[in-house]
J.: 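Here it is, the structure, as structure tokens.
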Amino acid sequence: MLINLPIDFNMNANLGYLGRNKNECMFEMDNGFITRVIDTGKTYRLVQLHANKHNQMIVQFIDSKPTKETEQAAVVRFVREWFDLDRDLFPFYEMANVDPLLKKPVQDFYGLRVVGVPDLFEALCWGVLGQQINLAFAYTLKRRFVEKFGTSIEHNSKKYWIFPTFKQIAKLSPEDLTDIKMTLKKSEYIIGIAKLMDNGELSKEKLLAMDNLKDAEKSLIKIRGIGPWTANYVLMRCLRHTSAFPIDDVGLHNSIKFLMGLDRKPSKEELLELSSKWSGWQAYATFYLWRVLY
DNA sequence: GGCCAGGAACCTT
DNA sequence: AAGGTTCATGGC
């Protein structure tokens with residue numbers, strides 16, 4: 001399958017983001033090829049993708065199973081969503097090119113998209129896992145969680161993991177998670193979220209139906225374990241609100257500190273002032289600023 | 001070895 | 001509503 005990429009899409013910029021941590025367990029990267037499992041709705045299929053020289057993404061099933069058209073369509077949909085291919089970034093670049101803080105990052109990483117986490121449960125778990133610990137440890141926790149509770153597809157004696165489903169996790173008790181060294185609180189949060197999704201109170205469809213960002217944010221923050229940071233992180237990476245803004249993010253603070261040569265992190269007032277021109281594109285601004293450090 | 005990490009809940013004022 | 005404390009492990 002071929003997907004025509006936007007003219008301002010740069011595969012290497014996106015690969016750079018995806019390859020930033022060697023401990024990533026949800027996909028494999030090798031020489032520009034990404035291999036991962038994609039949920040087609042009814043089946044899990046092992047897929048490999050890479051970009052060719054004609055600005056196209058080539059998507060191939062590599063598990064040698066018969067493929068239905070519905071699966072092809074689902075995979076293409078996933079890839080489009082994963083890399084935010086249907087977004088017109090012209091207004092963002094127009095704004096960022098004259099923004100003192102964003103100017104250099106958008107030059108250095110031009111063509112980068114907000115790489116998504118299309119699965120809501122995965123996005124929420126990744127958000128909760130990442131709270132108040134360093135990113136390297138967060139990746140370790142995610143790997144342990146996935147390898148203990150997820151399933152996998154084997155290919156060439158390698159395992160390609162499928163993120164644990166909320167249905168599986170909803171059945172667990174917090175103690176089941178403590179031996180992977182995640183805190184009891186986080187275990188409670190993740191199981192609580194899984195239960196809300198399992199009983200249908202929380203779903204991607206419901207959140208997407210709230211066209212107002214603030215409504216979706218409020219409904220997420222009501223959930224135990226989800227605060228302003230996690231809510232906006234998920235709105236940014238899963239629900240794809242370009243104006244979601246995890247303003248409390250330490251990585252964002254450190255990036256700004258670095259770019260401005262400060263000897264301290266920016267204050268809340270400074271953050272609001274610096275981001276005042278980013279309206280509508282806070283998520284993209286944040287993502288590019290993260291790339292400066294990670 | 002000590003500081004701090006892609007925060008949030010929970011407890012005091 | 002604000003402000004301080006606790007969670008808790010591990011990277012650097």
Side-chain angles (χ1 to χ4, degrees), chain A residues 16-26 101-102 105 109 112-117 122-148 174-196 202 217-242 244-259 262-269 271-272 274-275 278 282-294:
Chain A
Y17 168 76
L18 289 171
R20 76 204 168 123
N21 192 295
K22 295 179 192 114
N23 209 6
E24 172 62 57
C25 61
M26 294 308 293
L101 213 48
L102 298 176
F109 303 107
L112 173 71
R113 304 248 152 180
V114 171
V115 179
V117 182
E122 181 182 343
L124 285 164
C125 287
W126 182 226
V128 170
L129 281 177
Q131 291 168 6
Q132 184 53 22
I133 58 174
N134 62 68
L135 205 52
F137 182 41
Y139 273 105
T140 300
L141 277 181
K142 180 168 83 162
R143 173 180 288 281
R144 289 184 194 150
F145 181 65
V146 168
E147 292 184 352
K148 183 165 170 107
E175 294 74 26
D176 296 325
L177 296 179
T178 47
D179 61 332
I180 63 174
K181 305 295 182 192
M182 97 164 66
T183 64
L184 193 61
K185 297 263 186 203
K186 285 186 181 177
S187 307
E188 290 170 5
Y189 300 161
I190 284 176
I191 292 168
I193 289 165
K195 285 181 172 166
L196 284 176
L202 172 63
E217 183 184 356
K218 277 182 199 164
S219 72
L220 280 170
I221 288 175
K222 280 182 195 158
I223 299 166
R224 184 160 176 268
I226 301 179
W229 178 84
T230 309
N232 280 277
Y233 183 86
V234 170
L235 289 168
M236 163 181 175
R237 298 208 56 199
C238 182
L239 286 311
R240 293 215 157 283
H241 285 273
T242 57
F245 190 24
I247 192 169
D248 307 305
D249 185 82
V250 190
L252 176 71
H253 304 168
N254 283 331
S255 176
I256 293 172
K257 174 184 169 189
F258 171 76
L259 286 170
L262 305 174
D263 57 356
R264 53 170 178 79
K265 287 172 196 162
S267 68
K268 184 94 173 192
E269 291 70 30
L271 285 164
L272 288 170
L274 289 165
S275 62
W278 303 347
Q282 292 91 334
Y284 262 87
T286 302
F287 205 70
Y288 270 81
L289 289 171
W290 278 343
R291 268 316 268 139
V292 173
L293 291 186
Y294 309 117

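Below, read A as the first sequence line, B as the second, and so on, with proteins coming before strands; counting in each chain starts at 1. Quick note: numbers below take in every heavy atom, side chains included, and nothing from hydrogens, waters or symmetry partners.
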J.: Contacts to DNA chain B from residues 286-294 of chain A, heavy-atom cutoff under 4.0 Å, which residues?
T.: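 Trp290(A), Tyr294(A) - these, ordered by number, are the residues of the stretch whose heavy atoms sit under 4.0 Å from the strand.
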
J.: Using a cut-off of less than 4.0 Å, is there contact between a side-chain N or O of Lys222(A) and OP1 or OP2 of dA8(B)?
T.: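 Answer no for this pair, as no side-chain N or O of Lys222(A) is under 4.0 Å from OP1 or OP2.
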
J.: In whole angstrom, what separates Ile221(A)'s CD1 from dG7(B)'s C1'?
T.: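 My rounded result for the distance is 12 Å.
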
J.: Walk me through it: do Met236(A) and Tyr284(A) pass the test side-chain contact (heavy atoms from CB on, under 4.5 Å)?
T.: CA-CA 9 Å; Met236(A) 163 181 175; Tyr284(A) 262 87; over 6 Å; no

J.: Kindly state which residues belonging to residues 182-196 of chain A come within less than 4.0 angstrom of DNA chain C, counting heavy atoms of the residue only, listed by number.
T.: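 Residues of residues 182-196 of chain A that come under 4.0 Å of DNA chain C are, in numerical order, Thr183(A), Leu184(A), Lys185(A).
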
J.: Anything under 30° is parallel, anything over 60° is perpendicular, the rest tilted; go ahead and classify Trp278(A) against Phe245(A).
T.: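 Trp278(A) and Phe245(A): perpendicular rings.
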
J.: Which nucleotide sits closest to the side chain of Lys265(A): dG11(C), dA8(B), dA5(B)?
T.: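 Per side-chain heavy atoms of Lys265(A), the pick is dA5(B).
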
J.: List the residues meeting side-chain contact (heavy atoms from CB on, under 4.5 Å) with Asn134(A), not counting sequence neighbours, and say none if there are none.
T.: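 Counting only residues at least two positions away or on another chain, Asn134(A) forms a side-chain contact (heavy atoms from CB on, under 4.5 Å) with Ala136(A), Phe137(A).
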
J.: Say you pick atom P in dA8(C) and the same atom in dC11(B); how far apart are they, in whole Å?
T.: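 After rounding to an integer number of Å, I get 14 Å for this pair.
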
J.: CZ of Arg224(A) versus P of dA9(B): gap in Å, rounded?
T.: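 Spelled out: CZ on Arg224(A) to P on dA9(B) is 8 Å.
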
J.: I need the CD1-P distance between Ile133(A) and dA8(B), as an integer number of Å.
T.: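 Ile133(A) atom CD1 is separated from dA8(B) atom P by 13 Å.
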
J.: For Lys268(A), which residues count as a salt bridge (Lys or Arg N to Asp or Glu O under 4.0 Å) partner, sequence neighbours excluded?
T.: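 For Lys268(A) the salt bridge (Lys or Arg N to Asp or Glu O under 4.0 Å) partners, ignoring immediate neighbours, are Asp248(A).
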
J.: What's touching nucleotides 2-5 of chain C from the protein side, N or O pairs under 3.5 Å?
T.:
none

J.: Considering every strand and a 4.0 Å limit on heavy-atom distances, what is the contact class for Ile226(A): base, sugar-phosphate, or nothing?
T.: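 Sugar-phosphate contact only.
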
J.: Could you work out, with salt bridge (Lys or Arg N to Asp or Glu O under 4.0 Å) as the rule, every residue matching Arg240(A), not counting sequence neighbours?
T.: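 Salt bridge (Lys or Arg N to Asp or Glu O under 4.0 Å) list for Arg240(A), sorted by chain: Asp84(A).
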
J.: For Gln132(A), report the nucleic acid contact type (base, sugar-phosphate, nothing); a contact means any heavy atom under 4.0 Å.
T.: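 Base: the residue Gln132(A), judged by heavy atoms under 4.0 Å, touches a nucleobase.
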
J.: Roughly, in whole Å, what's the span from CG in Leu177(A) to P in dA8(C)?
T.: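 Between P of dA8(C) and CG of Leu177(A): 12 Å.
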
J.: Excluding sequence neighbours, so at least two apart, what forms salt bridge (Lys or Arg N to Asp or Glu O under 4.0 Å) with Glu217(A)?
T.: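 Scan of Glu217(A) (salt bridge (Lys or Arg N to Asp or Glu O under 4.0 Å), adjacent residues dropped) gives Lys214(A).
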
J.: Measure CG/Leu141(A) against P/dA8(C) and give the value in whole Å, please.
T.: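 To the nearest whole Å, that distance equals 12 Å.
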
J.: Can you check the Tyr139(A) OH to dC12(C) P distance for me, whole Å?
T.: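 So the OH-P distance, Tyr139(A) to dC12(C), works out to 13 Å.
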
J.: At 4.0 Å (heavy atoms only), tell me whether Pro228(A) reaches a base, stays on the sugar-phosphate, or touches nothing.
T.: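 Sugar-phosphate contact only.
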
J.: Quick check, are the ring centers of Tyr17(A) and Tyr294(A) under 6.0 angstrom apart?
T.: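 Not close enough - the centres of the two rings lie 6.0 Å or further apart.
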
J.: Are Lys257(A) and Asp263(A) within salt-bridge range, i.e. N to O under 4.0 Å?
T.: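 Looking at Asp263(A) together with Lys257(A), the answer is no, because their closest N to O distance does not fall below 4.0 Å.
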
J.: Filter on salt bridge (charged side-chain N to carboxylate O under 4.0 Å, His left out), then keep only pairs touching residues 131-145 of chain A, sequence neighbours left out; what's left?
T.: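 Qualifying pairs: Glu24(A)-Lys142(A), Arg143(A)-Glu147(A).
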
J.: Can you tell me the distance, in whole Å, between the CG atom of Asp179(A) and the P atom of dA8(C)?
T.: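 Atom CG in Asp179(A) sits about 14 Å away from atom P in dA8(C).
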
J.: So which one's nearest nucleotide on DNA chain B is more toward 5', Ile223(A) or Met236(A)?
T.: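 Whichever sits nearer the 5' end wins; that is Met236(A).
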
J.: Which residues satisfy the side-chain hydrogen bond (donor to acceptor under 3.5 Å, both in side chains) test with Asp176(A), sequence neighbours excluded?
T.: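 Scan of Asp176(A) (side-chain hydrogen bond (donor to acceptor under 3.5 Å, both in side chains), adjacent residues dropped) gives Ser173(A).
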
J.: Nearest to the Asn134(A) side chain among dG7(B), dC12(C), dA5(B), which nucleotide is it?
T.: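 For the Asn134(A) side chain, the nearest candidate turns out to be dA5(B).
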
J.: Looking only at side-chain N and O atoms, does Thr230(A) come under 4.0 Å of OP1 or OP2 in dA8(B)?
T.: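 For dA8(B), OP1 or OP2 has a side-chain N or O of Thr230(A) closer than 4.0 Å.
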
J.: Just to verify, what does Arg113(A) make a side-chain hydrogen bond (donor to acceptor under 3.5 Å, both in side chains) with, not counting sequence neighbours?
T.: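 Arg113(A) satisfies side-chain hydrogen bond (donor to acceptor under 3.5 Å, both in side chains) with Asp8(A) once adjacent residues are dropped.
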
J.: Using the test salt bridge (Lys or Arg N to Asp or Glu O under 4.0 Å), find all partners of Arg224(A) that sit at least two apart in sequence or belong to another chain.
T.: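 Applying salt bridge (Lys or Arg N to Asp or Glu O under 4.0 Å) to Arg224(A) gives Glu188(A).
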
J.: Would you mind listing every salt bridge (charged side-chain N to carboxylate O under 4.0 Å, His left out) that reaches into residues 282-294 of chain A, with sequence neighbours excluded?
T.: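 Those involving residues 282-294 of chain A do not exist here.
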
J.: Quantified in whole Å, what is the P atom distance between nucleotide dC3(B) and nucleotide dT5(C)?
T.: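 The same atom, P, in both gives a distance of 16 Å.
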
J.: Where the side chain of Ala136(A) is defined as all heavy atoms beyond and including C-beta, which of dG11(C), dG10(C), dA5(B) is the nearest nucleotide?
T.: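 Closest of the options to the side chain of Ala136(A): dG11(C).
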
J.: Take the protein atom CG of Asp248(A) and the nucleotide atom C1' of dC4(B), then report the distance between them rounded to whole Å.
T.: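 Going from Asp248(A) (CG) to dC4(B) (C1'), I get 17 Å.
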
